[in-house]
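The structure appears right after this line, and notes come after that.
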Amino acid sequence: MPFIANTDHEREMMLKELGLASTDDLFADIPEELRIDGLDIPNGLSESEVYDKLHALSHRNAHGLTCFLGGGFYDHFIPSAVDALASRSEFYTAYTPYQPEASQGTLQVIFEYQSAICRLTGMEVANASLYDGGTALYEAAMMAVRATGRSKIILDTGVNPIYRRMMHCYTSNLSLELDEMEIIHGQSDRRKFLESIDENTAAVVLQNPNFFGVIDDFTDIIETAHSKGALAVMSVYPISLGLLKSPASMGADIVTGEGQSLGIPLSFGGPYLGFMATGRKLARKMPGRICGETTDAHGRTGYVLTLQAREQHIRREKATSNICSNEALCAARAVFYTSLLGKQGLRELAQICAQKAEYAKTRLSSIPGVTIKDSAPTFNEFTVDLPRDASDVVNDLIDHGIAAGVPLGRYYADMDNSLLVAVTEKRTRKEIGILAEMLESVL
Amino acid sequence: MPFIANTDHEREMMLKELGLASTDDLFADIPEELRIDGLDIPNGLSESEVYDKLHALSHRNAHGLTCFLGGGFYDHFIPSAVDALASRSEFYTAYTPYQPEASQGTLQVIFEYQSAICRLTGMEVANASLYDGGTALYEAAMMAVRATGRSKIILDTGVNPIYRRMMHCYTSNLSLELDEMEIIHGQSDRRKFLESIDENTAAVVLQNPNFFGVIDDFTDIIETAHSKGALAVMSVYPISLGLLKSPASMGADIVTGEGQSLGIPLSFGGPYLGFMATGRKLARKMPGRICGETTDAHGRTGYVLTLQAREQHIRREKATSNICSNEALCAARAVFYTSLLGKQGLRELAQICAQKAEYAKTRLSSIPGVTIKDSAPTFNEFTVDLPRDASDVVNDLIDHGIAAGVPLGRYYADMDNSLLVAVTEKRTRKEIGILAEMLESVL
Amino acid sequence: MSGLIYDKSTEGRRGITLPSLSTEESQLKLRIPDRYLADSTPELPEVSELDVVRHYTNLSAKNFSVDRQFYPLGSCTMKYNPKICEKTASLDGLMGLHPLLPQLRGGGMLTQGALQILHDTEHLLSEITGMQAFSLQPMAGAHGELTGIMLIAAYHRDRGNRKTKVLIPDSAHGTNPSSAAIGGYGVVTIPTGKNGCMDMEAFVDAMDDEVAAVMLTCPNTLGLFNSDVHKLADIAHAKDALLYYDGANLNALLGHCRPGDLGFDVMHINLHKTFATPHGGGGPGAGPVGVNAKLLPYMPTSIIEKRTDGTFTLRYEHAKTVGFIAPFYGNFGVIVRAYTYILLLGANGLKRVSENAVLNANYVRKRLAEHYDLPYGRSCLHECVFSASKQAAKGVRALDIAKALIDRGIHPPTVYFPLIVPEAMMVEPTESESKAELDRFIDAMIEIAELAEKDPSAFADMPSTTPVGRLDETKAAREMKVKA
Amino acid sequence: MSGLIYDKSTEGRRGITLPSLSTEESQLKLRIPDRYLADSTPELPEVSELDVVRHYTNLSAKNFSVDRQFYPLGSCTMKYNPKICEKTASLDGLMGLHPLLPQLRGGGMLTQGALQILHDTEHLLSEITGMQAFSLQPMAGAHGELTGIMLIAAYHRDRGNRKTKVLIPDSAHGTNPSSAAIGGYGVVTIPTGKNGCMDMEAFVDAMDDEVAAVMLTCPNTLGLFNSDVHKLADIAHAKDALLYYDGANLNALLGHCRPGDLGFDVMHINLHKTFATPHGGGGPGAGPVGVNAKLLPYMPTSIIEKRTDGTFTLRYEHAKTVGFIAPFYGNFGVIVRAYTYILLLGANGLKRVSENAVLNANYVRKRLAEHYDLPYGRSCLHECVFSASKQAAKGVRALDIAKALIDRGIHPPTVYFPLIVPEAMMVEPTESESKAELDRFIDAMIEIAELAEKDPSAFADMPSTTPVGRLDETKAAREMKVKA
Ligand SMILES: Cc1ncc(COP(=O)(O)O)c(C=O)c1O
Ligand SMILES: Cc1ncc(COP(=O)(O)O)c(C=O)c1O
């Protein structure tokens, strides 16, 4: 029997040691009538049969399309060294580093990951990871609620709708007010937004670049929030930080985001990486594990999980979050990736993505009937308005081997003809050209 | 610049230390007129561009065919654990274990590999690997020449023709006589073979199962060889040893073979694994590295390269072979594979292959016009005679997604209509059925 | 050899090559006004690929892990993760799929293979647990718990029930009370009775009309099966309270008994435990949530359905859903591994899994019983909890024993959990370890017990074979140096 | 933790699952007479997948390797192997190809991608070395040497030359004389002159009509470039002797100078050295052989050709070929890695490779010159050879220094080679290491030199940080325990 170590003989010896006649006797505490005879699923297959099955299933997906899909999840190149390091079984077959002396590998990786997140965002303290960008944003909002003792959350509609609907879901059973603020011309409607911040506001929740790829400087909103005693939560796209103003420099109090772009495969939606960073003052309010540096009796530097009094295994119903298992291996991938990328690499990558997106914008906007939706500046993603339903257009382009973008009708009532197009460093000039030509041909 | 560590600044500091003005000065010993300006090849590409290029090239090969190709190289399943272990960079980025204390991993793997080869073949001493099954066979013949001081080698034509032509190539500049012995009904022509063994015979060179998949018991030939003072060299297919009589029990003096079937990918012909084993008496005549067990000053068991006085780095022009780098990582794969397989697994695998081949034989032989070439027993490979040119038939079957076998016309003058069909555990009953149906349909 | 990757940074060193821009692309002027741009670039380390590979490869060597050590960390089911699962999960046609692809054509027609994997996995889990349906979206056990609480809340809201609290035994994992609280409920802790199970009387007392749910772990964190579970269920159901099953210990029951048959209404499974997906140094895991008919209407969006033509699609419209608890379909990569594992083992294999997991735990329990206290001594299921109180009396605490094990090349059991056992040491060997390995562990534990008798002071310097000795946790918390 | 995999065997344990036979298949009786069958099955170990994975993962931890340590093993060019090369070589459409596929349709039409890789690699190597053509078939450097010797023999045979011997400098690698001998030639060893290069006078003396070839390494194993190489070539060519280039040290010259332009007729390249394919704990490597026009007609079969329509094919007919030196097309998997590497680096990158390799070696040479003897002290190319004779006088030999380095987490240089340097220590840092890493090595070497001065006896117990100390090699050879 695969993956079950004991042989029949060993089983017999062990049963004998226990004074039992059969393995069935091991389950004596379970009342007879609650037991079952076996499972109504197929018996096990050999490794090669299982591989063939999964291999066949993997071929029943259209993964060869030229990908202009984004929406918060990007087709960046993953250097082979990231995969090689993440395949080190010392990393992936260990668990939470409860025993620090036997887990310095994992712990130092977490420490370096936290450092990378802090350096990217400009913040002072990062946690060891949360499930994904959406739950991270929700946790940040709740952290603000706890920190301020207030109950209103103001959500910019430029925040990823995939995250906004999660926020609604998680808060629906709690007595919180969730206000959504409209955007105009791709950016937050400043007047309305600033007016809506009041003395009961726990947090303003922002995203940069926003879902439409539009860049903003939220300093004004954040200042107003602070002046009313509210906190500013901002979700960011890490790669953009090679070029764009950091959330810290805009004054954000809690920064979150989806770390998928940092060397994590798209993998049909997960596992991904929610990151979160804040200032030292709020650190003890933060959810999730935190790793800190310390020393042993010989003065040697080492790393431990710290500030655990925030966590469920200590504080139970009073914990800052219920999170236990997190996304450690994805965080490891992120630090492998950011270390390979380096300062220069990050800057260049951000530049390349932006430049290629600019080229795509130029090409697409020169197609008759196609217009760029917003005049606001964008990073590597932008919205185009098409002369007909974007879903239909995208469907037509699939036959040409192109996943042209995310149709926005599903997320914004009035945007059936809008298409969100993302460009990463993987898209060649030629591919962008083909997108433009094919789009023109199907319109 | 990728994979070059020094920065411009470091380079400057180092040049300064050396008192040089530029890196060009480092090449001062090379006369100016012999230097070139640069290479006329393209400049470097980024990792993602290189990956895309190789990925595209990999798709320009027909690797999805259902594979009944053998001829000494088999499509066995490779358990994922083999790949995982062979990807341990501690193994693959080390080199020859010249410093045993810093190489106990590699050394113990070699020792265990040698043990596996000895257990498979029944022999007493195995080396750490040779390039492939063909060079191993040639090295074995030369070892016999050295050991006996004789110059005639008798080659059974049941020996893989791919290896026989290598043998001819390697010996063509040496004063050796290479006699090829015909086979009849798929097996060695005993009478002729036994007669040809004389007092000048260094070695009889045999293969089991032979190229046609036919099984033999060479005890008689080997006895005769021994009676004339000649040595017996036998090439074997390791998987078959789960079922078939071992070369040791037939009396073979030197056993070689291709280890590809032991967890090594087909990889278009290499890297493969030549294995070789012999008795203790001949050990000091053997080519290649050998690892031996010993102890340190504290009595701890450890492993070292031993009997090095046979080798080129010590003996130079008097060495038993010129081999230096060998196929260590392939040998590691082989020991990972044989350890996973285990005694029971080996027996079952051999049984499954033979059983499936028998089924294929039954199915193919019931097609009108198709006959099994030889009545002799076979292991997992057999020869069928077709009513027309086997190359053409195979060509027709490719359109049905099947690589039906190896046409023999290229290797044996009178076998244009013969096809060599191999069956491994990976071929399902259904696939064998489709082979039969499609073959019938194209005849 | 040591130091942080940031310490190895040298200005100008590169670890990556990026595609260069064509002139057509590079000549365009970016239209991003200065005020949106950063003044400086984040200080990521400037190192070579070799630097990165060497640094992290050397760090990996500082870990204990299942692939290198026996790792009987109780409650975590540190079984061996078959290598084939890593391979299937990284197939291009799975790992490379953008999560928004299903939206591009005919409700998932571009991702039929992926949707089939999700669909089949849900059905396999339903059959294995006896629940009616599963959602694979929760991204860990605790996330499954929270989802379960949200489902429970939706149920009560829908029925007009006014419920304010959740009953949880004191032996429960910390995530249980935390999830209930974060889901908006008050938590009532029920003590454990002498037999190691939730005190029946206390439970009955607490079981009033305001109870929304009872969260149980079964077998519980002492490795004990509560034979009264059916009775508990009846009592709870009589008040229209729901029964939540924390599936962290499902490995004990596979093929022998199903939570759905025991009366549970909602549950999660930790795929990273029972179904052998690797623990990743802390994650990612997956915590699929299963429900019976009562909770079916509230399941998270989206729902995977098989059409009559055999194709698969995602349904987004269902009126009573709790909504979106994940961005997409859960931790797909983890789910593929679990699916692979279930196909490998099958009905026959899974049944043997629990048999051997339970046998191994009992064997360890029996063999160590005379050396360590067993507060709840009766036969356990997949794990057993010792107490080091006997040793603690000599000054050797559970933590000291843990460190001694590290020096013997064994990962320690879970210590100080469950909280109700003083000096707890929770041993879960799993079925992937053989008697030979257990004997080695048992020998080490006995040797340590003897050492604790003879020379309690010997433990102070342990572990001594690790890159660092015991670390100053107070200093870490005080200085809060959490980044470089 | 220790012991052999065979020691861990337990009857009945399984590490693998095999597909089961259908009834149609299993009901057939095998028609193999008993006399062909084994009496018993080979005693492969009976262990679980976990046992195997844990055993070999733990063994891997007992190695030094490039990915974990600085590894300046001279003559072996232990540069960093980019991870992308592992990935491309294991693409299904390359790694899964049966070598006989090209025979199935139209001369290679089923494997155009693979043939293009081979073809392009040959052309890239030709341009890099200045040779006319390459065969990728030799499976290691020594195999390339033997192939070269066979080509040389074919050339002379074809021209009716009677040649019996090969001239080789005493600094040469052992494979050179061995390959010449195995190829059927006598070997004449030429001494090294004071300048570290082959003694010109001795060479001229030995250079008679019977000389088939001269085998040179350039730069030679002392890391020195022989500025007279062109003159040597002329002298040899005047006697119709051919000049063989041992390419083990090609990393020194990339983009700066080409063997073909220096007058060499035939050469091999060690792809596992210069072109960054991993050394695999001893192999596999690849030793492509390159020739100029003289030797073109004799190249091994088969030959890859580009048809006029742009497709690739294998040519098997060419009259004067030496024949088949490999079963197929060489170590394809290794070649794919080298091809990937060349594409990554390109003309600009390769030139920088040699610059930095040479700079690094000279930096080490310069910085250590006052601490260790440099028998051939002049500026070197990619490697430099120290002598520990100064230390040996104190009783600290090169081997002792090697062991001291191991304790400092550094793989030792090649010791006792080249043979002409007493107590040789051959340092080849390669371009993938940075000044920072070199400084660490240099500091360790200086510290060791000081220790050798102060306390020579301290070396006896080194290494002490490894799983075993110095091993008894005599015992190993005497007892010849070479299997379990
Ligand atoms: C009993 C129990 N419940 C719940 C959990 C939480 O699961 P997760 O870590 O997957 O969130 C754990 C994890 O250790 C557990 O042991
Ligand atoms: C100078 C020199 N020549 C030839 C060789 C032989 O190459 P290989 O080991 O690839 O057979 C080596 C290998 O170390 C070498 O250093």
Side-chain angles (χ1 to χ4, degrees), chain B residues 5 10 14 23 26 29 39 43-44 50 54 57-58 60-63 69 88-90 92-96 101-102 104-106 115 118-119 131 165 169 173 265 267-271 292-294 296 302 306 312-313 316-317 319 322 324-329 340 342 345 347 358-359 377 429, chain D residues 15-16 22 25 28 32 41-42 46 59-60 62-67 88 91 93 95-99 110 113 139-140 142 153 174 177-179 181 184 187 225 278-285 323-324 328 331-333 346-349 355 358 363 434-435 466 468-469 471 476 481 483-484:
Chain B
E10 285 170 320
M14 293 163 84
T23 47
L26 292 164
D29 280 345
L39 295 169
N43 278 336
V50 172
L54 271 292
L57 284 168
S58 80
R60 296 189 51 222
N61 300 303
H63 74 287
L69 301 177
R88 297 284 309 171
S89 61
E90 291 91 334
Y92 77 76
T93 74
Y95 201 18
T96 310
E101 305 89 346
Q104 284 300 300
T106 293
S115 306
C118 288
R119 287 165 183 233
Y131 303 135
R165 65 194 191 186
C169 170
N173 210 36
S267 195
F268 208 50
E293 191 176 296
T294 184
D296 72 2
T306 191
Q312 48 75 27
H313 63 288
R316 301 178 75 84
E317 61 269 27
N322 69 332
C324 178
S325 292
N326 57 18
E327 308 290 299
L329 194 66
L340 285 165
R347 189 171 51 227
E358 198 60 41
Y359 178 70
R429 189 192 59 77
Chain D
I16 208 170
S22 64
E25 291 162 327
L28 292 172
I32 308 179
T41 310
E46 299 184 77
L59 277 187
S60 77
K62 298 186 177 183
N63 266 6
F64 276 39
S65 62
V66 173
D67 274 13
T88 53
L91 283 163
M95 201 171 68
L97 294 180
H98 195 287
L110 297 179
M139 294 176 274
S178 176
S179 298
V187 170
F225 190 91
H279 286 68
F324 294 85
F328 300 105
N331 277 348
F332 181 72
N348 50 345
E355 274 166 26
V358 172
Y363 179 72
S434 64
K435 177 175 177 298
T466 43
V468 292
L471 291 160
K481 178 159 193 312
K483 71 167 172 66

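These numbers come from a predicted model, not from an experiment. In what follows, chains carry the letters A, B, and so on, assigned in the order in which the sequence lines appear, proteins first and then strands, with residues in each chain numbered from 1.
Of all heavy-atom pairs spanning B/Glu90 and D/Ser60, the tightest one is CB-O, 3.1 Å. Scanning both residues, B/Phe268 and D/His98, for their nearest heavy atoms gives CD1-O, 3.9 Å. Contact detail for B/Glu10 and D/Lys435: the closest heavy-atom pair is OE2-CB, 3.9 Å.
With sequence neighbours excluded, no residue forms a side-chain hydrogen bond (donor to acceptor under 3.5 Å, both in side chains) with D/Ser178. Remark: B/His63 engages no residue in a ring pair (Phe, Tyr, Trp, His ring centres under 6.0 Å) (not counting sequence neighbours).
Remark: the backbone N or O of D/Gly113 is paired with a side-chain donor or acceptor of B/Asn61 at under 3.5 angstrom. B/Arg60 contributes no side-chain N or O that, together with a main-chain N or O of D/Gly93, makes up a donor-acceptor pair within less than 3.5 Å.
For the set D/Ala140, D/Gly469, D/Ser22, the count of heavy-atom pairs under 4.5 angstrom toward chain B peaks at D/Gly469. Between chain D and the residues B/His313, B/Arg347, B/Arg165, the most heavy-atom pairs under 4.5 angstrom are made by B/Arg165. Taking chain D as the reference chain and counting heavy-atom pairs below 4.5 Å, the highest number among B/Asp29, B/Asn43, B/Thr106 is found for B/Asn43. For the options D/Ser179, D/Gly281, D/Pro99, heavy-atom pairs under 4.5 Å to chain B are most numerous at D/Gly281. Between chain B and the residues D/Gly282, D/Gly96, D/Pro42, the most heavy-atom pairs under 4.5 angstrom are made by D/Gly282. Between chain D and the options B/Ser325, B/Pro377, B/Cys324, B/Cys169, the largest number of non-hydrogen pairs under 4.5 Å is found for B/Cys169. Top candidate by heavy-atom pairs under 4.5 Å with chain B, chosen from D/Asn348, D/Ile16, D/Val187, is D/Asn348. Listed options B/Gly269, B/Ala62, B/Ser115 were ranked by heavy-atom pairs under 4.5 angstrom with chain D; first place goes to B/Ser115. Residue with the most contacts toward chain B among D/Leu28, D/Ile32, D/Asn63, D/Thr466: D/Asn63 (heavy-atom pairs, distance under 4.5 Å). Taking chain D as the reference chain and counting heavy-atom pairs below 4.5 Å, the highest number among B/Leu329, B/Leu39, B/Thr93 is found for B/Thr93. Between chain B and the options D/Tyr363, D/Phe64, D/Phe324, D/Phe328, heavy-atom pairs under 4.5 Å are most frequent for D/Phe324.
Distance NE2/D/His279 to OH/B/Tyr95: 5.0 Å, rounded to 0.5 Å.
For the pairing with B/Ser58, the side-chain contact (heavy atoms from CB on, under 4.5 Å) check across D/Thr88, D/Leu91, D/Leu97 returns one residue only, D/Leu91.
Counting heavy atoms from C-beta outward, B/Gln104 and D/Leu471 have side chains that approach closer than 4.5 Å.
For a residue to count as touching a neighbouring chain, one of its non-hydrogen atoms must lie under 4.5 Å from one of that chain's; by this rule B/Arg88 touches chain D with the side chain only.
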